[in-house]
Amino acid sequence: MYSTSQIAKIIGGRLKGDSNLLIKGVCDLQNGSSDYISYINSKKYESILEESKVKALLVDNNSNFKRNDKTFIYVDNPALKFIEIINLYYPIKKPKAFIHPTSKISNSAQLGNNVSIGANVVIENDVKIDDNTTIDVGVYIGEGTSIGKNTKIYPNVVLYHNVYLGNRCIIDSGTVIGADGFGLVKNENSFKKMPHIGSVIIEDDVWVGANCCIDRGTLNNTQIGKGSKLDNLIQIAHNVKIGSNCRISGQTAIAGSTIIKNNVTLAGQVGIIDHLIIGEGATVASKTAVYQSIKPHSIVSGIPAKNHKDRLKQEAIINKLPEIMT
């Protein structure tokens, strides 16, 4: 256990309250116990504090709680600092060098230091896997693929040939990276499949959720920028380029050759057609269908995508139509 004063020192926070309060672990605000620590990251949760049993909380430096029965640790970003506390009580286990005897590894593959390979993994010719990377059960890694340091690949992931993964990436179970995209050329009443000779490049610190499909490029590469995070069940088509620090929620599909600039947020079930540009810092609301490029820092919603504030005004007028027509 750690005392509140120890926790405050570790995370660089300012303590107000009982410095000797012993904390067993972390909890949420609503269902927590008195000897655990939680956090408040938004004013909308302040009402829960009245009934919460939690005695120790991380709060924003600008907060002003007048509760003598609580111990507060003031920080700039409570949610971010709470991650440090979680890691304090649940430290991340470092992978140990291990190669399961059922794995099949080509003699030309290059493995770095402290690499872990699980059962029934297949690693083809000329694959490179850097230090401290973990390849879990049932993963297939195609010829010429390169994987960086401290990357974690969960069970049953498929990496096709000549795929590149950077450092500290996370690829969750069931994801397929590097399959051919849906490139077809019409020939009278039939379709000819276009060969895909490009690759997929995933930069450092990218997280790809479970059961995602990221297609390789036709001639150029499909690319996902540094620090971007993808939820489960996402389709990224051939030649798509996603910038740095983007957030893409589940069941989103991005068609071929569309460019997503840096710091874009795509909510759940967004659909984007091909050859568009989504400007830097834009936000696309859930269930939006995007048929035209979006300007930087826009907030859009609906089918088709329109400025969100304009759409809300339109909805207000539409809702009054029954009243107007009577």
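Remember, predicted model here, so these are calculated numbers, not experimental data. Any value given below was found using the heavy atoms of this structure, including those in side chains, with hydrogens, waters and symmetry copies removed.
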Colleague: Taking the side chain as everything from C-beta on, heavy atoms only, tell me whether Val157 gets closer than 4.5 Å to Leu159.
Modeller: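 Yes, side chains in contact.
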Colleague: Using the rule given for ring-ring contact (aromatic ring centres under 6.0 Å, His included), can you reason through Tyr160 versus Tyr140, listing the C-alpha separation, both sets of side-chain angles and the distance that settles it, and then say yes or no?
Modeller: CA-CA 8 Å; Tyr160 280 60; Tyr140 173 85; 7.4 Å; no
Colleague: Measure the shortest side-chain to side-chain distance between Asp60 and Val75 over non-hydrogen atoms and say whether it is less than 4.5 angstrom.
Modeller: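 No, side chains not in contact.
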Colleague: Tracing side-chain links under 4.5 Å among I, L, V, M, F, W and Y, which residues wind up in one group with Phe182?
Modeller: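 Members alongside Phe182: Leu184, Phe191.
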Colleague: Any donor and acceptor pair, going by atom type alone, linking the side chain of Asp130 with main-chain N or O of Asn150 inside 3.5 Å?
Modeller: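 Looks like no, no N/O pair under 3.5 Å.
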Colleague: Assigning hydrophobic clusters by single linkage (Ile, Leu, Val, Met, Phe, Trp, Tyr; side-chain heavy-atom cutoff under 4.5 Å), is Ile10 placed with Ile37?
Modeller: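 Yes, it is one cluster - the side chains of Ile10 and Ile37 are joined through contacts under 4.5 Å.
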Colleague: Short question: side chain of Asn221, backbone of Ile201 - any donor-acceptor pair under 3.5 Å?
Modeller: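 Absent.
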Colleague: List for me each residue that meets salt bridge (charged side-chain N to carboxylate O under 4.0 Å, His left out) alongside Arg67, sequence neighbours excluded, and say none if there are none.
Modeller: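 In terms of salt bridge (charged side-chain N to carboxylate O under 4.0 Å, His left out), with neighbours along the sequence ignored, Arg67 is linked to Glu50, Asp69.
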Colleague: Taking Ser38 for the side chain and Cys27 for the main chain, is one N or O donor matched with an acceptor at less than 3.5 Å?
Modeller: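 Indeed, once roles are kept as given, a pair shorter than 3.5 Å links the two residues.
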Colleague: Show every donor-acceptor pair shorter than 3.5 Å between a side-chain atom in residues 289-305 and any protein atom, with sequence neighbours excluded, or say none if there are none.
Modeller:
unit_1, atom_1, unit_2, atom_2, d
Ser293, OG, Ile277, N, 2.9
Ser298, OG, Lys295, O, 2.8
Ser301, OG, His308, ND1, 2.8

Colleague: Any side-chain donor-acceptor pair under 3.5 Å between Ser173 and Asn156?
Modeller: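 No, because no side-chain N or O of Ser173 sits under 3.5 Å from a partner of the opposite role on Asn156.
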Colleague: Are the side chain of Thr102 and the backbone of Asn120 linked by a donor-acceptor contact shorter than 3.5 Å?
Modeller: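 Judged by distance alone, yes, a pair lies under 3.5 Å.
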Colleague: Kindly say whether Cys169 contributes a backbone atom to a donor-acceptor pair with the side chain of Thr151 at under 3.5 angstrom?
Modeller: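 A pair under 3.5 Å: yes.
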Colleague: Could you go step by step and tell me if Asn125 and Ser106 meet the side chain to side chain donor-acceptor pair (under 3.5 Å) rule?
Modeller: CA-CA 5 Å; Asn125 294 337; Ser106 168; 2.6 Å; yes
Colleague: Would you mind reporting whether Asp131 and Asn114 have side-chain heavy atoms less than 4.5 Å apart?
Modeller: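 A side-chain contact is absent here, since even the closest heavy-atom pair is not under 4.5 Å.
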Colleague: For a quick check under 3.5 Å, do Gln269 and Lys287 share a side-chain donor-acceptor pair by atom type?
Modeller: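 Side-chain D/A pair, Gln269 to Lys287: present.
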Colleague: Verify, without hydrogens or angle tests, whether Ser63 (side chain) and Phe65 (backbone) share a donor-acceptor contact under 3.5 angstrom.
Modeller: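 Between the backbone of Phe65 and the side chain of Ser63 there is no qualifying donor-acceptor contact (under 3.5 Å).
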Colleague: Any heavy-atom pair between the side chains of Val122 and Ile141 that's under 4.5 Å?
Modeller: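 No, too far: nothing below the 4.5 Å cut-off.
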Colleague: Look only at the side chain of Arg216 and the backbone of Gly178, and say whether a donor-acceptor pair between them is shorter than 3.5 Å.
Modeller: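 Indeed, once roles are kept as given, a pair shorter than 3.5 Å links the two residues.
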Colleague: Do Thr175 and Ile177 touch side chain to side chain, with heavy atoms closer than 4.5 Å?
Modeller: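 Contact flag for Thr175/Ile177 side chains = yes.
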Colleague: Taking the side chain as every heavy atom from C-beta outward, state whether Thr283 and Leu266 have any atom pair closer than 4.5 Å.
Modeller: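 No. Closest side-chain heavy atoms not under 4.5 Å.
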Colleague: Any luck finding a side-chain donor-acceptor pair between Asn239 and Asn220 under 3.5 Å?
Modeller: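 There is no such pair between these side chains.
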Colleague: Does atom CD of Gln30 have more than 12 heavy-atom neighbours from other groups under 6.0 Å away?
Modeller: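 At most 12 heavy atoms, drawn from other residues, nucleotides or ligands, come within 6.0 Å of this atom.
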Colleague: Between Lys24 and Asp35, does any NZ, NE, NH1 or NH2 come within less than 4.0 Å of an OD or OE carboxylate oxygen?
Modeller: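 Here Asp35 pairs with Lys24 in a salt bridge, since their nearest N and O are under 4.0 Å apart.
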Colleague: Between Lys70 (side chain only) and Val54 (backbone N and O only), is there a donor and an acceptor less than 3.5 Å apart?
Modeller: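 Yes; at least one donor-acceptor contact below 3.5 Å.
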Colleague: Nearest 0.5 Å, please: how far is CD1 in Ile147 from OG1 in Thr134?
Modeller: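 CD1 of Ile147 is found 11.0 Å from OG1 of Thr134.
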Colleague: Under 4.5 Å between side-chain heavy atoms, counting indirect links through other Ile/Leu/Val/Met/Phe/Trp/Tyr residues: same cluster for Val115 and Val163 or not?
Modeller: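 Yes, because Val115 and Val163 connect within a single hydrophobic cluster, where side-chain heavy atoms sit under 4.5 Å apart.
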Colleague: Look at the side-chain heavy atoms of Ile, Leu, Val, Met, Phe, Trp and Tyr, link any pair under 4.5 Å apart, and say whether Val59 and Leu80 land in one connected group.
Modeller: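 Not linked; separate clusters.
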Colleague: Decide if atom CD1 of Ile318 counts as having more than 12 heavy atoms of other residues, nucleotides or ligands within a radius under 6.0 Å.
Modeller: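 Count over threshold, so yes.
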Colleague: Share the residues that join Leu22 in a hydrophobic cluster, the rule being Ile, Leu, Val, Met, Phe, Trp or Tyr side chains under 4.5 Å apart at the heavy-atom level.
Modeller: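 Taking Ile, Leu, Val, Met, Phe, Trp and Tyr as members, Leu22 shares its hydrophobic cluster with Met1.
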Colleague: Answer yes or no: is there an ion pair linking Asp231 with Arg247, defined by an N-O contact shorter than 4.0 Å?
Modeller: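 Salt bridge absent between Asp231 and Arg247.
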Colleague: If we count only N and O atoms by modelled type, under 3.5 Å, do the side chains of Gln251 and Gln235 hold a donor and an acceptor together?
Modeller: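 There is no such pair between these side chains.
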Colleague: A side-chain contact here means heavy atoms from C-beta on lying under 4.5 Å apart; do Asn41 and Asn77 qualify?
Modeller: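 Yes. Closest side-chain heavy atoms under 4.5 Å.
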Colleague: Distance-only, no hydrogens or angles: does the His238 side chain make a donor-acceptor pair with backbone N or O of Asp215 under 3.5 Å?
Modeller: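 Checking the backbone N and O of Asp215 against the side chain of His238, no donor-acceptor pair under 3.5 Å is found.
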Colleague: Within this structure, what is the NE2-CG distance for the pair His196 and Leu219, rounded to the nearest 0.5 Å?
Modeller: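 His196 atom NE2 to Leu219 atom CG measures 9.0 Å (nearest 0.5 Å).
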Colleague: If hydrophobic residues (ILVMFWY) are linked whenever their side-chain heavy atoms come closer than 4.5 Å, directly or via other members, who joins Tyr154 in its cluster?
Modeller: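 ILVMFWY cluster around Tyr154 also holds Ile170, Trp207.
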Colleague: Sequence neighbours left out, what passes salt bridge (charged side-chain N to carboxylate O under 4.0 Å, His left out) with Glu84? Give chain and number order.
Modeller: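 Counting only residues at least two positions away or on another chain, Glu84 forms a salt bridge (charged side-chain N to carboxylate O under 4.0 Å, His left out) with Lys81.
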Colleague: Looking at Asn245, is its backbone amide N or carbonyl O close enough to the side chain of Ser228 to form a donor-acceptor pair, meaning the two atoms are under 3.5 Å apart?
Modeller: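 Yes, because the side chain of Ser228 sits within donor-acceptor range (under 3.5 Å) of the backbone of Asn245.
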Colleague: Is there a side-chain contact between Asn61 and Asp76, using heavy atoms and a 4.5 Å cut-off?
Modeller: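 The answer is yes, as the side chains (C-beta and beyond) meet within the 4.5 Å cut-off.
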